[in-house]
Asker: 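Below you will find the structure I want to go over with you.
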Amino acid sequence: MSLVGKDIKYESNAFKTIGVLTSGGDAPGMNAAIRAVVRAGIFHGFRVMGIRKGYNGLIYGDVTEMTLRSVSDIIHRGGTILQTARSPLFKTEEGLEKAMSMVKIFGIEVLVVIGGDGTFRGAMDLSKLGMPVVGIPGTIDNDIGCTEYTIGFDTALNTVQDAIDKIRDTAYSHERCSVLEVMGRHAGHIAISVGISGGAEVVVLPEYKADIETDVIKPLIECRNRGKRHYVVIVAEGGGSAVEISDIIEKKTGIESRATILGHIQRGGSPTVRDRVTASLMGVRAVELLKEGRVNRLVAMTAGKITDIDIKEAMEIKKEMDLKLISIGKILAL
Ligand code: F6P
């Protein structure tokens, strides 16, 4: 083993056994990523162990060997065949120690983790204890700073878009305002994208502190004065509550309003082509890194290309919202 820059570089072909897990919120395309890790892994001569239920499976030894056929017929399926979990125990010293002893028992020499921010923080903790890791970004939120794209984002956007189209039909019929709450945790990437694709009159984001009077009520009244008779408002879950905003709109403008919280429907469904292809390419890249002995890295997308970056450096990058999208959305909602 030698130190190259910030990276730990092992000899090429130093590892024989990979463990793969999905952790945190599931995202459409995770199965395509698992499939790519297993198939490319076996192609390159690795033994691949599947760890079920995220870091919980690592702690409790829920581990099974994957074959070429374990990943047949999954590329089109949402969710994750390995299942997933949010593991409070893994965040403790005791949990980490248990996980470390389990990797030894199963002979896992390197871990591929597919998930979001929390998953990568867990991976970093393991790497500090000497467990080599590689991460693949999978979350519908698209909120990982080091990558332009996370697996599942496009499918979630299309699910939300389908809902907006349906909601718009009924909003038109009743001349109502529909207020739709979408996921994204502390980020508004889903909201801003579907705000544009769905032609929303107003988008409420966590990245921009909205004033209800000037940023929600006033634009809706102006739209009404320009002749609009039905309205779509998108609220990112981190930016406010659709129910509360809908009530305020109705009280202040007299426009009949209805709130819809889309919830976990956004996490399911067959992945889009973009998610299947990205997940497949990212999975293959993860295996190539392992073959080269390059670990403690995250696979990412930069300028549309698959890249990789040191995990610690990656976790320090904060994803910025392109605020220009907000002004574009406003112009297009005139
Ligand atoms: O990170 C994905 C996500 O769906 C977020 O958008 C949302 O805030 C959160 O997970 C919901 O988590 P859970 O499924 O644990 O309720």
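Starting from 1, each residue takes its place in the sequence as its number. We count ligands from 1, going down the list as the structure has it; atoms in each ligand are counted the same way. Not measured: the values here are computed from a predicted model.
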Asker: Taking heavy atoms and a distance under 4.0 Å, where does E237 meet ligand 1: side chain, backbone, both or neither?
Answerer: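 Side chain only.
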Asker: Can a salt bridge be assigned to the pair D143 and K319 using a cut-off of 4.0 Å between side-chain N and carboxylate O?
Answerer: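 Salt bridge absent between D143 and K319.
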Asker: In the protein, what heavy atom is nearest to atom 11 (C) of ligand 1, and what distance, to one decimal place, separates them?
Answerer: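 Here the nearest protein heavy atom works out to R267 NH1, 3.6 Å.
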Asker: Under 4.0 Å from a heavy atom of R86: give me the atoms of ligand 1 that qualify, with their elements.
Answerer: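 Those qualifying, in numeric order: 9 (C), 10 (O), 11 (C), 12 (O), 13 (P), 14 (O), 15 (O).
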Asker: Compute whether any side-chain donor of one residue and acceptor of the other, for T67 and S70, lie under 3.5 angstrom apart.
Answerer: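 Yes, a side-chain donor-acceptor pair sits under 3.5 Å.
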Asker: Counting both backbone and side chain atoms, is some N or O of G184 under 3.5 Å from an N or O of ligand 1?
Answerer: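 Yes, since at least one N or O of G184 sits under 3.5 Å from an N or O of ligand 1.
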Asker: For atom 9 (C) of ligand 1, which protein heavy atom lies nearest, and how many Å away is it?
Answerer: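 Heavy-atom neighbour on the protein nearest atom 9 (C) of ligand 1: R185 NH2, 3.5 Å.
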Asker: Suppose the criterion is salt bridge (charged side-chain N to carboxylate O under 4.0 Å, His left out): which pairs have a residue in residues 234-247, not counting sequence neighbours?
Answerer: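 Pairs touching residues 234-247 that pass the test: none.
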Asker: Check whether any heavy atom of H264 sits under 4.0 Å from an atom of ligand 1.
Answerer: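 It does; at least one heavy atom falls under 4.0 Å.
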Asker: Going by side-chain hydrogen bond (donor to acceptor under 3.5 Å, both in side chains), name the pairs with one or both residues in residues 73-87, residues two or more places apart or in two chains.
Answerer: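 Non-adjacent pairs meeting side-chain hydrogen bond (donor to acceptor under 3.5 Å, both in side chains): T22-T80, N56-S87.
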Asker: Any Lys/Arg nitrogen of R121 or D117 sitting under 4.0 Å from an Asp/Glu carboxylate oxygen of the other?
Answerer: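 Salt bridge: yes.
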Asker: Taking side chain to side chain contact (heavy atoms under 4.5 Å, CB included) as the criterion, tell me which of I249, V203, L180 meets it with V233.
Answerer: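 When side chain to side chain contact (heavy atoms under 4.5 Å, CB included) is applied between V233 and each of I249, V203, L180, only I249 qualifies.
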Asker: On a heavy-atom basis, I'd like to know which of D141, D143, T139 is closest to atom 6 (O) of ligand 1.
Answerer: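 Minimum heavy-atom distance to atom 6 (O) of ligand 1 goes to D141.
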